[in-house]
Number of protein chains: 2
Amino acid sequence: MTIAGRSSPTLDEVAELAGVSRATVSRVINDSPRVSPEAREAVHSAVAQLRYVPNRMARSLVTRRTDTIALVLSENNSQVFTDPFFASMVRELSARLSDTDRALVLLAARDRGEQEKVGRWVRQGHVDGVVLVSLHRDDLLPGMLRESNVPLVLLGRPLDGSDVSHVDADNAAGATTATEYLAAAGRRRIATVTGPLDMIAGVDRYAGYRHGLQAAGLPLSAELVEEGDFTEAGGARAMRALLERAPDLDAVFVASDPMAVGALRALHDAGRTVPGDVAVVGFDDAVVAATCDPPLTTVAQPLDEMTRLMVELLLRQVDGVADGPEVHVCDTRLVVRASA
Amino acid sequence: MTIAGRSSPTLDEVAELAGVSRATVSRVINDSPRVSPEAREAVHSAVAQLRYVPNRMARSLVTRRTDTIALVLSENNSQVFTDPFFASMVRELSARLSDTDRALVLLAARDRGEQEKVGRWVRQGHVDGVVLVSLHRDDLLPGMLRESNVPLVLLGRPLDGSDVSHVDADNAAGATTATEYLAAAGRRRIATVTGPLDMIAGVDRYAGYRHGLQAAGLPLSAELVEEGDFTEAGGARAMRALLERAPDLDAVFVASDPMAVGALRALHDAGRTVPGDVAVVGFDDAVVAATCDPPLTTVAQPLDEMTRLMVELLLRQVDGVADGPEVHVCDTRLVVRASA
DNA sequence: GTGGGGTGTGAGAGCGCTCTCACGGGTTCG
DNA sequence: CGAACCCGTGAGAGCGCTCTCACACCCCAC
């Protein structure tokens with residue numbers, strides 16, 4: 001695809017210039033030890049002189065590997081990008097894969113059409129494996145990818161309970177801890193802003209909240225529950241709704257930090273002090289949690305560990321040394337700051 | 001890369017099952033008109049039966065096309081993701097490319113190491129072309145990609161003034177309009193929160209601000225200028241700094257909407273009314289501009305048009321029908337809401 | 001001096017696809 | 001009734017690489 005210009009040099013041209021065979025050049029390129037120093041040197045200088053770059057298509061055709069991994073974001077609103085949790089994950093993932101000399105590409109699949117397109121693209125063999133993130137209930141991709149036998153690992157357990165490798169935080173336990181913490185501090189009217197209830201993280205954190213209430217001997221009341229969408233604006237909106245419905249609430253467990261920041265703002269605007277009038281606990285331990293006002297008590301997920309595990313599970317499949325799907329559930333940790 | 005399982009079927013197997021030659025199957029796959037209906041039908045059913053998916057590597061090896069375009073984000077802080085302007089662009093870009101049956105992949109290059117890695121990956125022939133976004137002064141990628149002859153289009157004009165296809169908003173003119181608008185409203189102490197001054201959008205909008213002051217016969221004073229980083233938190237921080245240094249300011253031009261939202265918050269916290277005490281104008285017309293309090297007067301960029309143009313310029317290069325680098329500078333438009 | 005074991009190298013067979021080219025068989029025209 | 005033409009098809013070359021295999025060569029033990 002070079003515009004106006006000689007096409008790129010090939011292995012043969014390098015071989016000819018270096019005065020060796022194609023095979024030897026290939027050995028040098030692939031760091032095989034069985035090459036004499038002289039030959040190696042000759043090849044290296046020929047490569048430099050011709051500015052030779054191996055053609056990945058040709059290489060992949062025979063090796064059946066592309067050395068690239070896809071991170072697929074299956075999310076209908078473009079808000080995922082905006083979530084700092086996601087941004088951190090991309091960074092980690094890309095760093096971990098770099099260690100093994102693999103590239104990371106992101107694919108966004110916002111609607112069914114794009115999901116199908118992404119599924120097809122993956123099945124055509126563009127990537128060695130897929131990390132799938134942000135799953136809603138009606139997502140096509142887990143099914144498509146699973147049945148196409150592409151190495152696959154999910155972030156978060158699959159909504160349909162199918163048997164596929166995944167890494168998850170113990171969302172329910174984390175939410176329970178948060179709720180119990182609020183109860184132990186003497187709060188009695190503990191509300192929650194949940195995540196989207198068609199996402200597993202939303203469901204699990206909500207379940208953990210209920211469990212926490214129960215453990216503390218507190219009743220579950222519908223007016224203390226409002227569904228959010230994991231965004232700051234959504235958190236503010238949900239908080240306003242809660243305040244209107246239940247002005248006597250004295251604590252709120254918010255299922256993500258961006259939403260919690262929104263909730264803090266809504267509380268502030270409503271003239272409530274935090275944690276005086278209302279204690280707030282978030283989820284994720286995003287960067288913003290430490291810098292907002294007041295600093296947010298929140299449930300931390302071991303994101304780095306989770307990312308490391310995902311890469312591990314995935315590469316084990318890619319390398320063909322995996323025996324069956326593997327699952328890791330990581331512990332969460334309550335980070336106590338000023339908001340509760 | 002299928003784990004434990006028969007490898008995928010090939011063209012030959014389809015041909016055999018359909019009772020035709022490889023060439024005919026290829027014709028059917030590629031929608032050539034010169035195939036009899038019977039043959040076409042036979043091939044289609046064989047494809048369905050074998051669940052055949054063409055191997056892209058093999059195809060690309062001969063066609064020299066991959067039908068995928070990369071969007072490269074060259075940005076050292078992971079904040080780009082967080083910017084709604086960016087999220088909108090990804091959506092648009094991916095939609096426009098879908099129209100031509102091309103896939104979009106995102107590559108993040110945060111540091112020099114990753115930039116080199118991305119450059120290499122691109123040069124190996126994984127993609128047909130590159131859209132490059134968010135350029136800082138010390139970026140390696142424009143150079144690397146330009147000299148590797150990969151079809152390339154930049155969002156925003158290149159910092160080093162080199163001759164490469166790009167699409168940009170008229171940032172300077174937009175900033176001038178905003179500043180003049182504030183001056184025309186009788187504001188005399190007009191501050192600015194700039195973008196990062198190693199990014200062209202930051203530089204140009206700052207230049208436009210200065211030009212606007214000059215046109216209005218207002219002096220440029222250093223205490224009214226604070227550099228931001230295009231994030232909400234950065235905007236709030238910069239606004240606080242400005243208020244401290246110049247408590248008498250009566251307007252502020254903020255070089256991006258997320259920063260403007262932060263500035264609004266800082267102003268609110270400082271007890272200033274908007275637009276009563278301080279008029280605020282943002283830049284980008286992000287979604288949040290319409291929903292924040294008060295709704296933000298802002299400079300809109302024609303993002304959809306810009307994206308369309310980028311795709312157009314890029315595909316013209318990919319298809320080899322481009323004659324030299326092409327440049328488009330798009331007009332901005334002041335959207336007046338309540339904040340100024 | 002012969003056999004065995006490295007070690008560096010090259011020839012050559014593919015990987016799965018596309019695409020040119022030639023060919024048989026029908027139609028149309030002079 | 002033969003030449004000219006189109007149309008559907010298949011044979012086969014080749015895209016740029018990897019990798020197996022065989023070979024030439026050297027070194028050392030017996």
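Worth saying up front: this structure is predicted, and the values here are computed from it rather than measured. Here is the naming used below: chain letters follow the sequence lines, and residue numbers restart at 1 for every chain.
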Quickly work out the [X] [atom1] to [N] [atom2] distance and round it to whole Å.
{"X": "B/N55", "N": "C/dG16", "atom1": "CG", "atom2": "C1'", "answer": "6 Å"}
{"X": "B/L50", "N": "C/dG16", "atom1": "CG", "atom2": "P", "answer": "14 Å"}
{"X": "A/D12", "N": "D/dG14", "atom1": "CG", "atom2": "P", "answer": "13 Å"}
{"X": "B/L61", "N": "C/dT18", "atom1": "CG", "atom2": "C1'", "answer": "10 Å"}
{"X": "A/M57", "N": "D/dC15", "atom1": "CE", "atom2": "C1'", "answer": "12 Å"}
{"X": "B/R59", "N": "C/dC17", "atom1": "CZ", "atom2": "C1'", "answer": "8 Å"}
{"X": "B/R65", "N": "C/dG16", "atom1": "CZ", "atom2": "P", "answer": "21 Å"}
{"X": "A/I29", "N": "D/dG16", "atom1": "CD1", "atom2": "C1'", "answer": "12 Å"}

What closest approach, in Å, do [X] and [Y] show between heavy atoms, and which atom pair accounts for it?
{"X": "B/L152", "Y": "B/Q317", "value": "O-NE2, 2.9 Å"}
{"X": "A/T66", "Y": "A/R56", "value": "O-NH2, 3.1 Å"}
{"X": "B/L154", "Y": "B/V164", "value": "CD1-CG1, 3.9 Å"}
{"X": "A/L141", "Y": "A/S74", "value": "CD1-OG, 3.6 Å"}
{"X": "A/D198", "Y": "A/H136", "value": "OD2-ND1, 2.9 Å"}
{"X": "A/S8", "Y": "A/E13", "value": "O-OE2, 4.3 Å"}

Minimum-distance nucleotide (side-chain atoms of A/V62 versus C/dT18, C/dG16, D/dG16):
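Given the options C/dT18, C/dG16, D/dG16, the side chain of A/V62 is closest to D/dG16.
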Going through the distances and angles, do A/M89 and A/M310 end up as a side chain to side chain contact (heavy atoms under 4.5 Å, CB included)?
CA-CA 11 Å; A/M89 221 198 49; A/M310 286 196 293; 3.8 Å; yes
Considering only nitrogen or oxygen atoms on both sides, find all protein atoms under 3.5 Å from nucleotides 26-28 of chain D and state each distance.
none

Determine whether more than 12 heavy atoms belonging to other residues, nucleotides or ligands lie under 6.0 Å from atom CD of B/E16.
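No, CD of B/E16 has 12 or fewer neighbouring heavy atoms, counting only those of other groups under 6.0 Å.
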Counting only pairs under 3.5 Å, give me each side-chain donor-acceptor contact of residues 115-125 of chain A, with atom names and distances, residues two or more places apart or in other chains.
{"from": "A/Q115", "atom 1": "OE1", "to": "A/L140", "atom 2": "N", "distance (Å)": "3.1"}
{"from": "A/K117", "atom 1": "NZ", "to": "B/S98", "atom 2": "OG", "distance (Å)": "3.3"}
{"from": "A/W121", "atom 1": "NE1", "to": "A/H126", "atom 2": "ND1", "distance (Å)": "3.4"}

Hey, what are the protein-to-nucleotides 22-27 of chain C N/O distances that come in under 3.5 Å?
none

Looking at B/N30, does any N or O in its side chain come under 4.0 Å of the phosphate oxygens OP1/OP2 on C/dT18?
yes
Give a yes/no on whether any side-chain N or O of A/R64 is located under 4.0 angstrom from OP1 or OP2 of C/dG16.
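So the side chain of A/R64 is within the cut-off, an N or O lying under 4.0 Å from OP1 or OP2 of C/dG16.
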Do you know which of B/D67, B/T63, B/T68 makes side-chain hydrogen bond (donor to acceptor under 3.5 Å, both in side chains) with B/R65?
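Considering B/D67, B/T63, B/T68, a side-chain hydrogen bond (donor to acceptor under 3.5 Å, both in side chains) with B/R65 is found only for B/D67.
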Gap between atom OG of A/S60 and atom CG of A/N55 - 0.5 Å precision
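If I round to the nearest 0.5 Å, the distance is 8.5 Å.
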Of B/L107, B/V130, B/L93, B/V127, the residue whose pairing with B/L71 passes side-chain contact (heavy atoms from CB on, under 4.5 Å):
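Going through the options one by one, the only one that passes is B/L93.
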Intermediate values then yes/no, side chain to side chain contact (heavy atoms under 4.5 Å, CB included), A/E114 and A/D111
CA-CA 5 Å; A/E114 289 198 357; A/D111 51 38; 3.4 Å; yes
Looking at residues 17-28 of chain A, who's got a heavy atom less than 4.0 Å off DNA chain D?
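Those residues whose heavy atoms fall under 4.0 Å from DNA chain D, taken from residues 17-28 of chain A in numerical order, are A/R22, A/A23, A/S26, A/R27.
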Stepwise side chain to side chain contact (heavy atoms under 4.5 Å, CB included) test for A/S94 and B/R110
CA-CA 10 Å; A/S94 144; B/R110 264 181 316 283; 3.6 Å; yes
Evaluate the criterion side chain to side chain contact (heavy atoms under 4.5 Å, CB included) for residue pair B/I69 and B/V311; output intermediate values, then yes/no.
CA-CA 10 Å; B/I69 297 291; B/V311 170; over 6 Å; no
Near DNA chain C, counting only heavy atoms under 4.0 Å, which residues of residues 33-43 of chain A show up?
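Those residues are A/R34, A/V35, A/S36, A/A39.
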Axis-to-axis angle across the helix from C/dG1-D/dC30 to C/dG30-D/dC1, five pairs an end, to 10 degrees?
50°
So do B/E312 and B/L309 actually touch side chain to side chain, heavy atoms under 4.5 Å?
yes
